[in-house]
Protein chains: 2
Amino acid sequence: MNKDTLHTISQRTGYSVSTISRVLSGKGRQFRISERTIELITKEAEACNYIPDQIARGLKMKKTSTIGLTVPAIDNPFFANLASGLIAHLKKYGYNILLADTMEDERNEKDALMSFVARKVDGIVTVPVSSSPDLLERIAKSVPVVLIDRYFENTDLPYVCSDNYSGSFAATKYLIGKGYRRIHAIQGVLTSMPNKERVRGFLDAVASHADSGVTGTVSGNSFSLENGISETLRIMSGNDRPDAIFAFSTTILLGVISTLRRMSLSIPDDIAIISFDDNLFFDYMNPPITRVAQPVAEIGQLASDILLKMIDGSLERGEVCQMQIPPKLVHGESC
Amino acid sequence: MNKDTLHTISQRTGYSVSTISRVLSGKGRQFRISERTIELITKEAEACNYIPDQIARGLKMKKTSTIGLTVPAIDNPFFANLASGLIAHLKKYGYNILLADTMEDERNEKDALMSFVARKVDGIVTVPVSSSPDLLERIAKSVPVVLIDRYFENTDLPYVCSDNYSGSFAATKYLIGKGYRRIHAIQGVLTSMPNKERVRGFLDAVASHADSGVTGTVSGNSFSLENGISETLRIMSGNDRPDAIFAFSTTILLGVISTLRRMSLSIPDDIAIISFDDNLFFDYMNPPITRVAQPVAEIGQLASDILLKMIDGSLERGEVCQMQIPPKLVHGESC
DNA sequence: CGCACAATCGTTTGCGTCAACAATTGCAAA
DNA sequence: TTTGCAATTGTTGACGCAAACGATTGTGCG
């Protein structure tokens, strides 16, 4: 299979390589190759199962029909869903996906991005883990790049993410509206933009109800299960227990839940829970979790649309294109 | 960034393209290029941020350092975990991953595989969705291919999957040991090998206890939430309710759980639940789910090891290499 | 002083494809 | 008959890299 090249077909049919090339890339009519020849060549190509060598074609055309995608952890459902949407959407336009899992490691990220450049991908979609945009900005000069979920201040790199501020703000307002007064937020990586925005939204919402005695505290330092566990333990063993916990990620949430359960505290009777992110399982938990669901599909769709526009040139290279999509509050029974 | 080629560096340094090539691919010493020259060229390459064009290199070397991976649905945690393990493992050997999501569609699978071939991947790992091994067998003649999870009878295509029969058998035995007597299994896609094996294991286990009055029934036809819901409704509204349900996948399980909850039946008091597959969430459900956990990481590891051996030739092309890994019963509190 | 042979680097080709130029017909109009 | 032009197909480089094959020095030795 697939040992044939334009050359071998040329030999077998007697036509020149370029005629074969033209016919098989659908330009036969355009170059006025006779119907008879077209049919003959097409038949031969089908017979021997010819598949054009994309490597050779890529070298010549400087276009690989490949998009590089990096995510911090593909086994995180949020990123898996993102990848799923991106892959499906970009496939429609004939693109293949080179996927790299950076495992939240800056070095892996660098490796992956360099590899993408070396492989001449037509574009890059990335959920960056690095704290600096330097490398990405260098790369963006020669390849279209779109960031997702996490982004940087003071750069023009295009990005799409959910509006973490408003999502966090709305969730906190919701808790307050439900009557909760001592709310504690367990945050993730301090330096990441989404986390900063979530903290800001949380604190602003609390501040706007300060006169009704609402207090908000924040602690934690990682989007991990362990962080959820240790912070829950800490705050619940203090003498000023909160009456509601806001988990800034799914993993944190699981840590919170398992710890509360071990302490025999019931949700939402003893303490209310609300979380960021969404997951199929949330609706099947006991109780179902109220959460701020990020519009993953939409984010992926928008990001790829921007990328495609940058590739075909309909979006100026200099043009700043940064968008935040409002997340949705999904009601469970945990508050 | 990355506009330099061996040629431009050659012009700037005055050395020939081949000298540059040798130095930059680490063969300077081997070709007795002088230390001075090596250093000079290396410096220049670093200065201009030279990255070898992998497309051109691929064309010449007939090796792309790329592995193609197809999964039926990357947003399914089982496959996401699989991909995660594979990517991490293959990265160690310098391979990049072309990921295709076939969305359980045979045509997508064909597209993806053809694309892999055209892109001259060095190897293919696939969770096939097609019911016929024809295409894969054709491809396997020119590119190393390893199947995962699903496989075909009567082929020599190498595969790695969990031992569905023994897993299913053990789970059923466990239920019986716990005292359950009327067990119903909700199955997935009838034609898929894993499903067939699970059914066989289930029925064999039941049969081996037929004299103690154990009965086993099977129904359903898809690894989906809907199937879980409709089958649960059906069997629970009959006048011969089972006392235990065996869900053959996570999605089926969720359907079962939601339906039971809507019927206000409590687990495991009113009815016991056991499931195939594993998931982080299982431990945080209420109650935690007892399940047959497939050794995803191990499967991925083994599959890539086999693939690597096929690539470097240390595994004969003709040699049959098919392995089934025993899954583990993970105890929750749902039985 | 000439020659062998190491030490050091260069020339050229080809991987498979596409595309810019050419080339070859035939046939109608002048 | 010549000219012109449409209708067909061919030739010939790149693309950037690696490797096969050479080429040029210089040094030690007989």
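Worth saying up front: this structure is predicted, and the values here are computed from it rather than measured. Every chain is numbered from 1 and lettered A, B, ... according to where its sequence line falls, protein lines coming before strand lines.
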Closest non-hydrogen contact found for I20(B) with Y15(B) is CD1-CB, 3.9 Å
When every non-hydrogen atom of P133(B) is compared with those of L157(B), the smallest separation belongs to CB-CD1, 4.3 Å
Let me know the distance between [atom1] of [X] and [atom2] of [N], rounded to the nearest Å.
X: R57(A); N: dG16(D); atom1: CZ; atom2: C1'; answer: 19 Å
X: D4(A); N: dT17(C); atom1: CG; atom2: P; answer: 10 Å
X: Q11(A); N: dG16(C); atom1: CD; atom2: P; answer: 12 Å
X: L6(A); N: dC15(C); atom1: CG; atom2: C1'; answer: 13 Å
X: K27(A); N: dC18(C); atom1: NZ; atom2: C1'; answer: 7 Å
X: H7(A); N: dT17(C); atom1: NE2; atom2: P; answer: 11 Å

Query raised in the report: Do NZ/NE/NH1/NH2 and the carboxylate oxygens of E106(B) and K110(B) come within less than 4.0 Å?
Result: no
Problem set entry | Heavy-atom check, side chain of Y95(A) versus side chain of L308(A), under 4.5 Å | yes
Under a 4.0 Å heavy-atom criterion, the protein footprint on nucleotides 5-12 of chain D, written with B, S and -, is -SBBBBB-
For dC17(D), does either OP1 or OP2 sit under 4.0 Å from a side-chain N or O belonging to Y50(B)? yes
I'd like to know if K60(A) reaches the base of dA14(D) with its side chain such that a donor and an acceptor end up less than 3.5 angstrom apart.
yes
